[in-house]
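Everything on this sheet refers to the single structure shown next.
Letters go in sequence order (proteins before strands), and every chain restarts at 1. Side-chain atoms are counted along with the backbone in the values below, which use heavy atoms only and exclude waters and symmetry mates.
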Amino acid sequence: MSNIKVRFAPSPTGFMHIGNTRTALFNWLLAKKLGGKFMLRIDDTDTLRSKAEYEAAIRDALHWLGLEWSEEARQSARAARYQEVTERLKQAGRVYACYETPEELEFMRKRLLNKGLPPIYDRSALKLTPEQIARYEAEGRRPHYRFKLVDGDIVWHDMVRGECRYSEKNLSDPVIIREDGSFLYHLPSVIDDVDFGITHIVRGEDHVTNTAAQIQMFEAIGGKVPTFAHLPLLTGKEGKLSKRLGSLGVKELRAEGVEAMAICSFLAKLGTSESIEPFYSLEELAATLDFSKMGRSQPKFDEAELKHFNTRMLHTMPYEAVKDRYSVSAEFWNAVRGNLEVADDVKLWDSICRQTLIPQIEDKSLCDAAADLLPPEPWNDNTFNEWMSAVKTQSGKKGKELFHPLRKALTAMDNGPELKILLPLIGRDKAYKRLKGETA
RNA sequence: GGUCCCAUCGUCUAAAGGUUAGGACACCACCCUUUCACGGUGGUAAUAUGGGUUCGAAUCCCGUUGGGAUCACCA
């Protein structure tokens, strides 16, 4: 076992959606490909917005997708550890107290922006005299804390973006502790990554500037900087599909009949130079993972395209992949899968063959004739063809005129698997009655 | 506004200075199946824009336009 470890770190402030899923998937695939571990970390530092129901839904979605984890952690349980590290950083002068109110900060940002300047925090808290601080404290102001970035360029080699370089001058010192004493995302994330031995971080490119700041945090606490991969964000027709704005839920897709492996296959290849093809296992998919094949521009995610792909995938879906979900035989599955739009449609065909239905008689004389010509059982491979030539000869009908009314009578459907395949599954008794217009 | 990223068929992309600009999905046509679907074959379709550099530019450089990210007491 290698020492490779990756993590998926959702904040339980919303449901799993396509953007989240993509991030989780790539992390999982990377762990699998490198023979490493995949960890789930619940980033619930935002206690106001975090909800147990979201967390449960995220876990459900991960299980359903097959993205199993071998280890987990919860940030809300690690406050003492964060506090300890923060104390050290305060001693080292890397964390400092600030007394501006959110309103003041907002005002400063607007003023800078209006002057055409970047809205970067000016570090005025660093210039506060002990008297000023005492006055703020006396006023009842509680400090929030920032991490002090040090001068110089921050450089890393990104698995998808290549060399990335940021100057500290263009970055604000990130706030790491709120006025109420609770931690914000940045530092706990880094502490966890160090403590849990995370070697690779795959996330959306909305995090690139965070990465610049966080690299200094890794260095400040003496941790090893992981390898990063920042994926281009997905976009959609109605706007962005980033992890916050993305609204297409995994649960909804599932309810609409989209297969877990269709989602995974689709997301793993979208935006890469490889074509989107069905993969029937995550292991198989992991073997093909290659960040160098990831494009740098933002791919468009189209739900309709995913559903179309899902349907296409079903047409070649091996019986093994569904046998636990449906009580149908391999023969039956292979016979009908080419006509499925969603996998659940197999139940419809199963019931058409085994349950009773009200036939739809479009051409009574044709159906009557067909019923009378129906050969006695046992049937063999030629039975259907022999029967059809007999019906054709007697009725003088062929092609659609012949098949469509028979299909409607036998299945009450406009289209579906070949009648030749369906007929033996329906059986002579039902077939005869249905052709005669009887419910059977 | 600063910083960073991006721009090739409808979509995802290939072509690390010389290609009839390739593939996949979608779409269309034809074939197969005595229906639909499945399947097979083929086809339509692209280098945002203006300047350079070069014998030669999708490719290198600069500008323009357009898109995106970020600059939160969200993650």
Side-chain angles (χ1 to χ4, degrees), chain A residues 9-14 20 43-46 48-50 75 98 100-102 105-106 109 112-121 142-146 161 164-167 169-172 174-186 188-189 203-210 212-213 230 232-233 235 240 242-244 266 269-277 293-302 304-305 308-309 311-312 314-316 335-341 385 388-389 391-392 397-408 413-420:
Chain A
S11 61
T13 55
N20 254 346
D43 279 15
D44 55 354
T45 54
D46 187 343
L48 252 65
R49 295 194 303 146
S50 296
Q75 292 199 319
C98 304
E100 298 87 356
T101 64
L105 290 172
E106 182 59 29
R109 266 194 296 273
L112 287 168
L113 234 26
N114 286 338
K115 282 165 74 177
L117 294 167
I120 293 174
Y121 179 63
R142 307 300 310 158
H144 59 277
Y145 292 84
R146 288 183 188 262
R161 319 184 102 211
C164 295
R165 180 181 295 272
Y166 279 83
S167 169
K169 282 189 278 299
N170 298 312
L171 268 25
S172 268
V175 174
I176 57 162
I177 300 177
R178 296 184 183 87
E179 193 182 331
D180 68 4
S182 64
F183 280 87
L184 268 75
Y185 149 83
H186 296 88
S189 176
R203 50 178 16 172
E205 70 181 2
D206 51 337
H207 277 284
V208 286
T209 51
N210 287 337
H230 290 93
L233 261 22
T235 65
K240 311 296 113 7
S242 72
K243 91 183 146 116
R244 287 174 290 280
F266 191 85
K269 298 305 176 194
L270 179 65
T272 71
S273 55
E274 293 181 286
S275 49
I276 297 175
E277 282 170 12
K293 290 190 172 156
M294 179 66 62
R296 298 266 250 128
S297 55
Q298 302 178 334
K300 286 179 187 63
F301 174 85
D302 184 349
E305 226 174 288
H308 196 99
F309 173 72
T311 296
R312 187 156 61 90
L314 243 25
H315 295 163
T316 51
V336 304
R337 66 179 181 180
N339 287 83
L340 306 178
E341 196 173 319
N385 287 345
M388 274 305 103
S389 5
V391 176
K392 186 183 164 190
K397 301 205 164 145
K398 60 177 181 176
K400 192 167 185 167
E401 275 204 310
L402 173 66
F403 279 87
H404 195 259
L406 297 178
R407 177 179 288 286
K408 293 286 274 188
M413 300 290 286
D414 279 310
N415 49 49
E418 281 184 65
L419 286 178
K420 181 176 177 169

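Salt bridge A:Arg142/A:Glu179: absent, no basic N to carboxylate O contact under 4.0 Å.
Minimum atom distance to the side chain of A:Lys300 is reached by B:U11, of the listed B:A75, B:U11, B:U34. Considering only side-chain atoms of A:Phe403, the nucleotide from B:C4, B:A72, B:U34 that sits closest is B:U34. Relative to the side chain of A:Lys392, the nucleotides B:C6, B:U34, B:C12 differ in distance, and B:U34 lies closest. Closest to the side chain of A:Tyr166, out of B:U13, B:C73, B:C4, is B:C4. Here B:A37 is the nucleotide among B:A37, B:C71, B:C5 with the atom lying nearest to any side-chain atom of A:Asn339. In the set B:C73, B:C27, B:A69, B:C73 carries the atom at the smallest distance from any side-chain atom of A:Val175.
When the side-chain nitrogen and oxygen atoms of A:Arg109 are compared with OP1 and OP2 of B:C73, one or more of them lie within a distance under 4.0 Å. Close to B:C73, at under 4.0 Å from its OP1 or OP2, lies no side-chain N or O of A:Ser182.
Closest heavy-atom contact between A:Asp206 and A:Leu233: OD1-CD1, 3.8 Å.
Atoms NZ (A:Lys293) and P (B:A16) sit 16 Å apart, rounded to a whole Å. A:Arg165 has its CZ atom 13 Å from the C1' atom of B:C4, to the nearest Å. The distance between atom CD of A:Glu341 and atom C1' of B:C36, rounded to the nearest whole Å, is 14 Å. For the pair A:Leu402 CG and B:U33 C1', the computed distance is 14 Å after rounding to whole Å. Taking atom CG of residue A:Asp206 and atom C1' of nucleotide B:C4, one finds them 13 Å apart after rounding to whole Å. If you take NE2 of A:His186 and P of B:A75, they are 8 Å apart, rounded to a whole angstrom.
Counting any heavy atom pair closer than 4.0 Å across all strands shown, A:His404 reaches no nucleic acid atom.
Between A:Gly116 and A:Glu418, the residue anchored closer to the 5' end of RNA chain B is A:Gly116, taking for each the nucleotide with the nearest heavy atom. For the pair A:Cys98 and A:Ser389, both in contact range of RNA chain B, the more 5′-proximal nearest nucleotide belongs to A:Ser389.
Side chain of A:His315 to main chain of A:Leu340: a donor-acceptor pair is present (N/O by atom type, distance under 3.5 Å, no hydrogens or angles).
In this structure, A:His207 packs face-to-face on the six-membered ring of B:A75, meeting both the 5.5 Å centre cutoff and the 30° plane limit.
Aromatic ring centroids of A:Phe266 and A:His308 lie 6.0 Å or more apart.
When the C1' atom is compared between B:C60 and B:C9, the two are found 25 Å apart, to the nearest whole Å. Between B:G10 and B:G18, the distance separating the two P atoms is 25 Å to the nearest Å. The C1' atoms of B:G22 and B:A58 are separated by 13 Å, rounded to the nearest whole Å.
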